[in-house]
Participant: 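Just dropping this structure here.
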There are 2 protein chains.
Amino acid sequence: MPSGKATSSDVAAAAGVSRSAVSFAFNNPQRISVATRERILAAAEELGYAPSTLGRMLQAGTTGSIGVLLPQGLGRILENPYYSRFLMGAGQVCDQEGYTLLLTPPLQDSVLKAIPYAAVDGFIVCGLEADRGEVAELTRRGIPFVLIDSDRLEGAPSVEVDDRGGAREVARYLLDLGHRRLAVLSMDPGAEVPVRGYRGPLARRLAGIADALTDFGLTMADVRLAEVPVTRSEGYRATVGLMSGDEPPTAVLALSDVLAYGAVDALQELAIKVPAEVSVTGFDDLAESSWFRPRLTTVRQPIVTKGRMAADFLISAIRGEAQHPHQTLGTSLIVRESTAKPA
Amino acid sequence: MPSGKATSSDVAAAAGVSRSAVSFAFNNPQRISVATRERILAAAEELGYAPSTLGRMLQAGTTGSIGVLLPQGLGRILENPYYSRFLMGAGQVCDQEGYTLLLTPPLQDSVLKAIPYAAVDGFIVCGLEADRGEVAELTRRGIPFVLIDSDRLEGAPSVEVDDRGGAREVARYLLDLGHRRLAVLSMDPGAEVPVRGYRGPLARRLAGIADALTDFGLTMADVRLAEVPVTRSEGYRATVGLMSGDEPPTAVLALSDVLAYGAVDALQELAIKVPAEVSVTGFDDLAESSWFRPRLTTVRQPIVTKGRMAADFLISAIRGEAQHPHQTLGTSLIVRESTAKPA
DNA sequence: AACTCCTATTGAATCGATAGGATGTGTCGC
DNA sequence: GCGACACATCCTATCGATTCAATAGGAGTT
């Protein structure tokens, strides 16, 4: 019983041939006689030998897997169905093209540090500010990548969503209904906003809301804003805060469905009727949102398609085919039961 | 502008030192003078050099990532929230221990073929029949692994769930309510059942149902059985079939929540009231099941915990610490609104 | 000036496998 | 009996980095 680390030299020795012969036996049968091949394979079986994955990858210069560079830990990321859907889309392409998918969370809270530990042919980079160093690092290393949920950047392929249009549409819808006291329940943008301003999808969604407000003679100063991590319980907590004080909002516009669920939880807890007393909207249109009660009014974005395109673009880039394509996907307002005219 | 493939030799040449010095500059700063180090780092920056991930892994003999060997393509797997939850659990441990997670779908419909293409320190093997060759292959290669949703096997750590007990409990519950005409909506066991019989969780769940039936003087021959892939739409389709004919069942016992959703879809389509006319139960207790209307009666299994334990066991095995632990997790019947006495 | 000691640095081996070109052996034809 | 031609097999360089053991050089001591 070998220690599980038989090498091609061992097999070669056992079969009385050279290491090349061993390699040929596995990858190039026609370059070797049948008898020798059998002998080699028998020896390999005996010793429990199988070609080392790393050895082959190093030699081939390719890993056959694509990395997904994630902005948060796996435990938290996979809690959000948004990412499941996204990975599903990317996974469909991987299935077709025979790639594996390496989920790469930050290392010691640093996305940058995680890069050198991923043996991949390219990265899908999720939800990162495009000028934070990761992009520069990947460029420097010459690793192909595609940006998702980020800012459009020259020289880097990306798949975007019309966040601004979507947010404008849902905000306008609420204003049209007659709501004037809005609360915006937003995802936590990190600590750098004071220095650097909003970035990526968040910036675009806020801009969209501002667009709509302008049409009604309002500004962002007229809405209450809460910024929290994207979990249902944080959405709950923040909403409790938003509803306290004088003149509470008549509509909560959440920038994520998951946050909207939390908002409804809070309102039910406070015995405030949705949508009769307060309207709630989300963003994403997760599958859960049509099951949720009240069925959630939200902005649909094509998450699975986004995943598919990201993987497609990346694989093209890996093959050296594509020239940094950019793609912007549309959104649509899905009106369901969580919104109504203000009381 | 280099072609993105600077090697340690290039840097060494540029800085006028040996390759060893370059390596030290990055990994062992105290073994080299400050001046030289600076010079090397400058040259590295200039050339866009970063140590090759594969090179380092080969040398170190470790990849820092754990593989998840999946029974189906990624596109289909991630459609099922069950796997999202499971991966979330495993991901929590990965976050803590600094591992990445490699999702490895079958290659050309073969799980076995996928193994050599995954550069990992070990595998979590999901939903595979333990004697189908994959286990033998992993053992032969000496790669650590943990079995999930499989059969208990000497010499291989595994995390199981008390499927039999859970199924027995839900079946008995339906029989206690007075249901006698049951339909079982089961996941597709693959083509080998006639030859090899049922395996793994499916076998245990069917056995649990049989246990309960026996207590009531019935056998599996008295229930209608449909076996389909685990998707909502397949559940829908199968249920339409189950309800046709004489003496349709008064209760549908699905072996997966996702299938149960499909069953309810079908019954609503057929204008059959749930639970007034027909009861439906699931298995898993996905988060969605408490949102679903009617809220789904189901068997809860601790999916996230399962994921955590699997990763824990695997990492112990990788470190050479553990001795093939087995663990069986309990289930519990969650009674909600999709079940009632027969009309 | 010679000797020791220490430190920065290097050479070579190792991790495993692959593949292009060279070599050897055997058979066939003339 | 000798040259040509196949075919099987081997040698060696390559993929990139790490690391142990060895060395060169300089500083310090007597």
Side-chain angles (χ1 to χ4, degrees), chain A residues 2-41 43-44 47-64 115-121 141-143, chain B residues 2-41 43-44 47-64 115-121 141-143:
Chain A
S3 64
K5 30 163 44 186
T7 164
S8 98
S9 306
D10 300 336
V11 177
V17 294
S18 72
R19 290 175 47 224
S20 328
V22 177
S23 174
F24 289 144
F26 280 87
N27 314 311
N28 223 343
Q30 69 272 28
R31 277 197 56 176
I32 212 168
S33 75
V34 186
T36 316
R37 175 146 191 267
E38 305 261 292
R39 191 153 38 93
I40 293 174
L41 292 183
L47 294 171
Y49 166 80
S52 143
T53 304
L54 280 173
R56 174 160 18 85
M57 284 179 175
L58 177 60
Q59 154 68 26
T62 202
T63 64
I115 295 176
Y117 290 94
V120 296
D121 292 340
R141 288 179 172 243
I143 303 180
Chain B
S3 63
K5 30 161 47 184
T7 164
S8 97
S9 307
D10 301 336
V11 177
V17 294
S18 72
R19 288 171 52 221
S20 328
V22 177
S23 175
F24 290 143
F26 281 87
N27 312 313
N28 223 341
Q30 68 272 28
R31 280 199 51 176
I32 212 169
S33 77
V34 185
T36 316
R37 173 145 193 270
E38 306 260 293
R39 191 153 40 91
I40 292 173
L41 292 182
L47 295 171
Y49 167 80
S52 145
T53 304
L54 280 173
R56 175 158 20 84
M57 284 179 175
L58 177 59
Q59 155 66 29
T62 203
T63 65
I115 294 176
Y117 290 94
V120 296
D121 291 340
R141 287 179 174 243
I143 305 179

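Labels below follow one simple rule: chain letters A, B, ... track the order of the sequence lines, proteins then strands, and each chain is numbered from 1.
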Participant: Classify the nucleic acid contact of A:Val22 as base, sugar-phosphate or nothing, counting any heavy atom under 4.0 Å across all strands shown.
Facilitator: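 It contacts nothing in the nucleic acid.
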
Participant: When you measure only distances, ignoring hydrogens and angles, does the side chain of B:Arg31 come within 3.5 Å of the base of C:dT7 through a donor and an acceptor?
Facilitator: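 Such a pair does not exist between side chain and base.
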
Participant: Taking any heavy-atom pair under 4.0 Å as a contact, classify A:Thr36: base, sugar-phosphate, or nothing.
Facilitator: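 The answer is sugar-phosphate, as A:Thr36 gets under 4.0 Å only of primed atoms, P, OP1 or OP2.
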
Participant: Separation of B:Glu38 atom CD from C:dA8 atom C1', in whole Å?
Facilitator: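 From B:Glu38 CD to C:dA8 C1': 16 Å.
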
Participant: Starting from C1' on C:dG21, measure out to CZ on A:Phe24 and report it in whole angstrom.
Facilitator: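 Rounded to the whole Å, the gap is 10 Å.
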
Participant: Does A:Ser52 reach a base, just sugar-phosphate, or nothing at all? Heavy atoms under 4.0 Å.
Facilitator: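 Answer is sugar-phosphate: A:Ser52 comes under 4.0 Å of backbone atoms only.
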
Participant: Please evaluate the base of D:dC11 for a donor-acceptor partner in the side chain of A:Ser20 within a cut-off of under 3.5 Å?
Facilitator: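 Donor-acceptor pair under 3.5 Å: yes.
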
Participant: Do B:Val22 and B:Tyr49 come close enough that some side-chain heavy atom pair is under 4.5 Å?
Facilitator: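 In contact.
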
Participant: Would you classify A:Ala50 as touching base, sugar-phosphate or nothing, given that sugar-phosphate means primed atoms plus P, OP1 and OP2, and contacts are heavy atoms under 4.0 Å?
Facilitator: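 If one applies the 4.0 Å heavy-atom cut-off, A:Ala50 turns out to touch the sugar-phosphate alone, with no base involved.
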
Participant: Across the strands shown, which category fits B:Asn28 at heavy-atom distances under 4.0 angstrom: base, sugar-phosphate, nothing?
Facilitator: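 No contact.
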
Participant: In terms of side-chain heavy atoms of B:Gln59, which of D:dC15, C:dG11, C:dT14 is nearest?
Facilitator: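 The nucleotide sitting nearest to the side chain is C:dT14.
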
Participant: Any base atoms under 4.0 Å from A:Tyr49, or only sugar-phosphate, or nothing? Heavy atoms, all strands.
Facilitator: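 The residue A:Tyr49 makes sugar-phosphate contact but no base contact.
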
Participant: Looking at five pairs on each end of the helix from C:dA1-D:dT30 to C:dC30-D:dG1, what is the angle between the two axes, given to 10 degrees?
Facilitator: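 That helix gives 60° between its end axes.
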
Participant: For B:Leu58, report the nucleic acid contact type (base, sugar-phosphate, nothing); a contact means any heavy atom under 4.0 Å.
Facilitator: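 Base, at least one base heavy atom under 4.0 Å.
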
